[in-house]
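Since we're looking at a predicted model, the values are computed, not measured. Letters go in sequence order (proteins before strands), and every chain restarts at 1.
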Amino acid sequence: MEKTYNPKSFEDKLYKEWEESGCFKAVRDDDKVPFTVMMPPPNITGQLHMGHAMDETMQDTIVRFKRMQGYCALWLPGTDHASIATEVKIVEQMKKEGLSKESVGRDGFLKRAWEWKDKYAGRIVDQLKKLGSSCDWSRLTFTMDEKCSRAVREVFVNLYNKKLIYRGSRIINWCPCCKTGISDVEVEYSEENGSFWHIKYFVEGTDTALEVATTRPETMFGDTAVAVNPNDTRYKHLIGKNVILPVVNKPVPIVGDEHADMEFGTGVVKITPAHDPNDFEVGLRHSLPVVRVMNDDGTMNSLAGKYEGMDRYECRKKLVEELKTLGNLVSIEPHAHNVGHCYRCGTTVEPIVSKQWFVKMEGLARPAIHAVLDKKISFVPERFAKIYYNWMENVKDWCISRQLWWGHRIPVWYCGDCGAEICAKEDVQACPHCGSKNVAQDEDVLDTWFSSALWPFSTLGYPDDTSDLEYFYPGDVLVTGYDIIFFWVARMIFSGLEHMRKVPFRDVLIHGLVRDEKGRKMSKSLGNGVDPLEIIDKYGADSLRFSLLQGVAPGNDTRYSDTKVESCRNFMNKIWNASRFVIMNCEGRNVKPLSEVKLLPADKWIIAKLQAAVRDVTLAMNKFELGIACQIMYDFMWSDFCDWYIELVKPVLYSEDVAKRDGAISVLVFVLENALKLLHPVIPFVTDEIYRNLPNASGTIMTKEFPRYNAKLAYKKDAQAFEGIMDVIKAVRAVKTELDCPPSKKVNLYMVTESKRFISANEESILKLAGAKDIKFISSAEEAGENAVTKVLAIGTLYIPMGELVDLEKEKARLQTELEKVTAEIARADGKLNNTGFISKAPKKLVDDERAKLNKFIAMREKILNQLKSL
RNA sequence: GGGGGCAUAGCUCAGCUGGUUAGAGCGCUUGCUUGACAUGCAAGAGGUCGAUGGUUCGAGUCCAUUUGUUCCCACCA
C-alpha cells in the first residue's frame, strides 16, 4: 500500500469492477425483502452541481446500507427531459447560430433536442459514476423513453375519461419570453418597486369621475367594468351606471362586487377579466366580456389602437403620457408589490386568459392529504408535512399544457371536418366519428412534471402488470430537496394513489440546499458554484461524500467549503494509514479468528466500542440521520481505534509473547474489517480498496453483510474498567505538559489504589503511552517522596515525583482548582439527591448513577484535601 | 396577511423521543521527527446554549411571550 491516500489510483478501477460484476443490479428475489429508491432524475439542462452531489450521496449511502443488510436493493437512475428548461437552453444555443425555433421548424428543433439529450444525459451518467453511485444502470430511464410515453398516455387518457382532465379558458401565467403558459408553482414572486397610477374614469354623462388605481395601466384597453363594493355608501348609487374608458372613449358598466375593498386605495377597481385572476372571477359573476389586449409575445394587440404592436412596458409609458395630457391622470404613487417571474427565464409573467388543459385537483388532493395524515407516508423531518398539507389543501387546478415543442405531446386530436375532440392512447389516423382523415394532434406538450409524477411506476413497467411493479412498488424512501415538494413530491403522491391505488413511497427524506462558504445560494449568475467533479479530482469522491453528509441534519441547509472537504480527506488518509499499519503487521503472521485468541483488557475495550458504534450507526441510519452516523464513525475510527487502540497495541505487537501478538493482530483485523463495513455505505471506494488487502478477504466489501450488534462482545464492565487505565495515562501526560516536562522524559509513578492487579495487568500500556519508567504501589502519600504531583482519579491516587520541576505554589493552586471543580460536582449531585422529587420520580438507574458519582467525587475531595494538607 | 426554519465555542455546525461534568471540524495557545499517518501526535484555552416567563424532580431540548435573521405560501387592484 502507498504511504498516503491516493484516491485516483483506485476509484475508477473499483467502479468499473463493481459495475461489471453486476452487484448494482436489482433482480427480483423472493427470498429477500425489496428496498426501492427512485432517483430524482436530474434535468438534462446541464451538469450536476453540489446539491445533486449531496442528494445522490445520501441515496447511495442508504441504498448501500440496505443492500449490505440483505435487502434486494434497487436504486433506479434516470434523467428528466425538463421540457421548458431544456427548450430555453436550446433556443439560446440556436440564437448564437442565428437560428430560431420558427426557422428550423418543429422536426428540426426536436432533432436538435435529442442531440442535446444524448450529450447531456451521458455527461450526467458519467458524473454519477464518478461519485460512486450504486444504481442499477440496466434500468436507466429517460422521461421521454417509450415506456414513460406509454405511461403518460395511459394516465392522460384515464384522467380525461374520468373528466379529471379538461380543457378550458382560464387565467393562467403566461411567459412572454418562453411564449407558453406555466403552472402556478413555476412562478416566482419577488418584491419590486412599481408605481400606482391613479386614473379618472368619468361617469357617463356627468362631470363626476371615479378614481381607479392600477399597477398595470396598459391593461386598461381590456377593462370591461369598474367595480365598487356594494356596501360602499360613497359609490353605491352609481352601480348600474357606466363610466367612459379614457383614450378609447368606450362606456363600461359600474358593478357592485365584494372584490372591491372599501379600505384599499380609492375603493374603486377597474375590471380586466382577460388579464387578472380576480377580475376574471368578477367577470364571471357579472357576465362581463373577456377582452384580451396582448399578444403572446407581450406586445399589445389591435384592441390597443395606436399602441398595437408595442411592447407592454413601452405602451405603459406612452399611455401614461397620453392620460396625463388628457387630464385623466390624477397621481403616481410609488408602490412596492410582488411581481411574478418565470422560474426558467426570469421574465415578468403576464396573467392572461388562455385556453389550456388542466388537471382537476379537488378529488385527487383529498386522498393525498390522507395518505400523509394516516402515516402511510412520513416526511423526515416531520415539519415538511405541514408545508405539504398547506399546499394540498389550497391547491388549484393544475395547468398542464405548454406551448412548447420539447416534451410529451398532448394525446388529443381534433377533427377538421366534424370538430370532434379525440383523446386516445394510440395515434389517431382518422376521426372515429366521421371517418375523416383530416385530423390533427394538439400542438401543445405536457408540463414536464406530468411525466415526473409517474416516475415511481412508469419506470417499473406501468401500465403493464409487471413482476417488477409488483415486487418493487411502492418505493421505500424518496430523497429530495424541500424546493420541489410542490413540483414533484405532491404530484407523485396523488398520481401514485390515483393510478396504482398505493402510495409511491413510505418515507420522504428532505434535505436542504448546499450553499457556498458565505451561506449564499450557489448560482450561475453569482459564479459561486463549485463543480463536484473538480473536487473529486482534487480530494477524491469519498472525501466529498463524507463532507456532504457530515454534520448535516435532515431538512437543514448546509454550507460547502474546501476546508471541510480537506478535513475529510485527512480522515480518509487516517483510515488509509491505520489500515496500512494493520496490514503491514499481518504480513507473515497467521491471523486467527477472534474466538481463538485470548483478549486483553484493551482488546475488550475496543471491541466494546465497536459494538456501541455498530449499534448507534445502525440506529442513526434507520432514522436517516446520516450526519449523526458519520460523526459516530469518525469518532470511533479516529479517536478510539487510531489514537488509542493502535497505540495501545503497539507494545504488544512488538513483544516476545506469541500468544499476545496473535491476539493483538486478530483484534486489529477484526475491528478494522468491521469498521470498514460500517463506513462503506458512506465512503465506498477507500473502504473497498483497503478491504481487498485484508488477510482472508475475498471479493468486494459491498456485498458483505453489514455488521450486527453482538451483545456477547459488548463487554460493558471491562470497557468501563479500562477507561480507568486511560485516565492514568491522560493524567501523566497532562502533568508533564503543565510542568513543561518533555514527553520523552520517563517518570516514576506511585499509586495508592485498590485495583493493583488490574493496573499491573495493564502496566505495559501505561508505561508506553504515558512515558513512564515504572509504577510502584504505595500505601500513603509520603512514600512517593517530596515534590510529587498528585492526581486524584477514580481508579486511585497517582503521585508523580517531578523533582525540581515542581513549584509548590503552582501545585497548590492546581489542586485548589481541582478541589473547586470536584466541590461543584458534589454540590450538583448532592442537590439532585436531596431533592425528594428526583429520588421518587426519576428512573432508578439514574438515581443510582448519581449516587455513585457523588461517592466518587466525595472520595476524590478527601484525597485532594489530604494532599493539600501535606503540602 | 399566513406558515416555517435558524439563533449553542472566534468561524461553520451537531446535539434524535427532556436525564453523565454541553460536543465536533476549522482556527488559536503550548509542546512533540513516539518504528501507520506532520493530510500527524499530546496537552490546553474558549460557551450564563438570543432574551424573559412557565411546565417539570430535572430544560440547550417542551410551552408562551419577545428580539434578530432567513425562507416558503398567499396577495389589495
Side-chain angles (χ1 to χ4, degrees), chain A residues 1 3-5 185 189 196 212-216 219 227 259-261 263-266 268-272 276-279 282 335 337-338 381 383-384 386-387 390-391 394 482-483 485-486 512-513 517 519 539 547 550-559 561 563-564 566-585 619-620 623 625 627-628 630-631 634-635 642-643 646-647 650 654 730 733-738 740-744 768-769 771 821-822 824-825 828-829 832 835-843 845-847 849-850 852-853 857:
Chain A
M1 286 174 81
K3 197 180 172 187
T4 48
Y5 162 70
V185 284
Y189 289 90
F196 227 174
V212 301
T214 179
T215 53
R216 294 190 298 154
T219 62
H259 169 60
D261 182 348
E263 308 294 320
F264 186 82
T266 56
V268 187
V269 195
K270 69 192 230 7
I271 301 300
T272 324
D276 183 279
N278 289 309
D279 293 5
V282 175
H335 180 64
H337 62 140
N338 272 338
R383 65 173 185 270
F384 289 102
K386 270 191 226 166
I387 294 173
N390 190 270
W391 188 75
N394 299 298
Y482 56 67
D483 48 337
I485 293 177
F486 308 142
L513 263 40
E517 245 158 326
Y539 300 103
S547 79
Q550 190 194 33
V552 300
N556 285 7
D557 287 353
T558 170
R559 291 187 195 201
S561 78
T563 53
K564 206 151 131 190
E566 208 174 300
S567 84
C568 291
R569 190 272 321 267
N570 294 352
F571 180 47
M572 300 309 129
N573 188 57
K574 191 75 184 172
I575 296 169
W576 182 264
N577 271 291
S579 306
R580 197 161 68 95
F581 173 81
V582 173
I583 289 160
M584 272 163 40
N585 280 288
L619 277 173
K623 288 191 280 181
E625 285 165 356
I628 291 176
C630 286
Q631 196 55 49
Y634 187 95
D635 289 342
C642 294
D643 290 345
I646 287 186
E647 293 308 321
K650 277 177 184 171
Y654 306 136
K730 286 189 228 176
R733 288 169 171 175
V735 166
K736 283 188 177 180
T737 303
E738 272 174 67
D740 291 328
C741 167
S744 52
K768 179 81 188 348
L769 269 64
K821 261 190 209 161
V822 169
E825 280 311 311
R828 192 195 50 78
K832 257 189 170 177
N835 185 330
T836 50
F838 178 71
I839 303 286
S840 59
K841 287 183 184 171
K845 190 186 173 301
L846 221 62
V847 179
D849 285 355
E850 203 59 46
K853 241 185 287 173
F857 288 127

Would you compute the distance between atom CD of E647(A) and atom NZ of K768(A) and round it to the nearest 0.5 angstrom?
6.5 Å
Could you tell me whether P742(A) contacts a base, only the sugar-phosphate backbone, or nothing, with contacts defined as non-hydrogen atoms closer than 4.0 Å?
nothing
Between H335(A) and F196(A), how do the two ring planes meet: parallel, tilted or perpendicular, split at 30° and 60°?
parallel
Quick one: label I387(A) by what it contacts on the DNA or RNA (base, sugar-phosphate, nothing), any heavy atom closer than 4.0 Å.
nothing
Assess the side chains of Y482(A) and D557(A): does a donor N or O sit below 3.5 Å from an acceptor N or O?
yes
State whether the distance check finds a donor on one side and an acceptor on the other, under 3.5 Å, for side chain R559(A) versus base rU12(B).
no
With heavy atoms under 4.0 Å as the rule, sort K3(A) into base, sugar-phosphate or nothing.
sugar-phosphate
Rounding to the closest angstrom, what is the interatomic distance between rG23(B) and rA9(B) at atom P?
14 Å
Name the closest nucleotide to the Y189(A) side chain, picking from rA42(B), rG19(B), rA74(B).
rA74(B)
Pairwise P distance, rU20(B) and rU66(B) [rounded to whole Å]:
32 Å
Within the structure shown, what part of the strands sits under 4.0 Å from D483(A) by heavy-atom distance: base, sugar-phosphate, or nothing?
nothing
When we call it a touch if two heavy atoms are under 4.0 Å apart, what does Q631(A) touch: a base, just sugar-phosphate, or nothing?
sugar-phosphate
Would you indicate what D279(A) reaches in the nucleic acid, counting non-hydrogen atoms under 4.0 angstrom: base, sugar-phosphate, or nothing?
nothing
Could you give the distance from OG1 (T558(A)) to NZ (K564(A)), rounded to the nearest 0.5 Å?
3.5 Å
Measuring only the C1' atom in each nucleotide, how far is rG50(B) from rC16(B)? A whole number of Å is fine.
23 Å
State which of rG19(B), rC37(B), rA77(B) makes the closest approach to the side chain of T215(A).
rA77(B)
For residues E566(A) and N570(A), is any side-chain donor paired with an opposing acceptor at under 3.5 Å?
no
Take the protein atom CG of N556(A) and the nucleotide atom P of rC13(B), then report the distance between them rounded to whole Å.
10 Å
Could you tell me the separation between the CD atom of E263(A) and the P atom of rG1(B), rounded to a whole number of Å?
15 Å
Using a cut-off of strictly less than 4.0 Å, decide whether K574(A) has a side-chain nitrogen or oxygen near OP1 or OP2 of rU39(B).
no
Quick one: does N390(A) reach the base of rC73(B) with a side-chain donor-acceptor pair under 3.5 Å?
no
Considering every strand and a 4.0 Å limit on heavy-atom distances, what is the contact class for T563(A): base, sugar-phosphate, or nothing?
nothing
Nucleotide nearest S567(A) (side chain, heavy atoms from C-beta), chosen from rG15(B), rC26(B), rG5(B):
rC26(B)
In this structure, how many angstroms lie between the P atom of rG25(B) and the CG atom of D635(A), rounded?
8 Å
Phosphate contact (rA24(B) OP1 or OP2) by K564(A) side-chain N/O below 4.0 Å
no
What distance, rounded to whole Å, do you find between the two P atoms, one in rU65(B) and one in rG5(B)?
14 Å
Looking at every strand, decide which applies to C568(A) at a 4.0 Å heavy-atom threshold: base, sugar-phosphate, or nothing.
nothing
Distance in angstrom units between D643(A) CG and rG40(B) C1', rounded:
10 Å
Just to be sure I understand the rule, does A734(A) reach a base, reach only the sugar-phosphate, or reach nothing, if contact means heavy atoms closer than 4.0 Å?
sugar-phosphate
Examine the base of rA42(B) for any acceptor or donor lying under 3.5 Å from a partner atom in the side chain of E647(A), and report the outcome as yes or no.
no
If the P atom of rU48(B) is compared with that of rA42(B), how far apart are they to the nearest Å?
28 Å
What contact category does Y539(A) fall into here, base, sugar-phosphate, or nothing, at under 4.0 angstrom with non-hydrogen atoms?
nothing
Could you work out the separation of rA74(B) and rA22(B) based on their C1' atoms and round it to a whole Å?
41 Å
Report which part of the nucleic acid G551(A) touches: base, sugar-phosphate, or nothing (heavy-atom distance under 4.0 Å, all strands).
sugar-phosphate
I need the S567(A) OG to K574(A) NZ distance, nearest 0.5 Å.
13.5 Å
Look at the rings of F571(A) and Y634(A) and say which category their plane angle falls in: under 30° parallel, 30 to 60° tilted, over 60° perpendicular.
tilted
With a 4.0 Å cut-off on heavy atoms, is Y5(A) in touch with a base, just the backbone sugar-phosphate, or nothing at all?
nothing
Would you please determine if the base of rG35(B) is stacked by Y654(A), with stacking meaning a centroid separation under 5.5 angstrom and planes under 30 degrees?
yes
Comparing P554(A) and G265(A) on RNA chain B - which has the more 5′ nearest nucleotide:
P554(A)
Could you check whether I583(A) gets within reach of a base, just the sugar-phosphate, or nothing at all, counting any heavy atom under 4.0 Å?
nothing
Is K853(A) salt-bridged to D849(A), going by a charged N under 4.0 Å from an acidic O?
no
Determine the contact category for M584(A): base if any of its heavy atoms lies under 4.0 Å from a base atom, sugar-phosphate if only primed atoms, P, OP1 or OP2 are that close, otherwise nothing.
sugar-phosphate
In whole angstrom, what separates N585(A)'s CG from rG35(B)'s P?
14 Å
Quote, to the nearest angstrom, the C1' distance that separates rA59(B) from rA51(B).
16 Å
When rounded to the nearest Å, what value does the distance between P atoms of rC32(B) and rA24(B) take?
25 Å
Whole-Å distance between rG3(B) P and I485(A) CD1?
18 Å
Length of the line joining W391(A):CH2 and rC72(B):P, which is rounded to integer Å
16 Å
d(OH, Y482(A); P, rC73(B)) in whole Å
11 Å
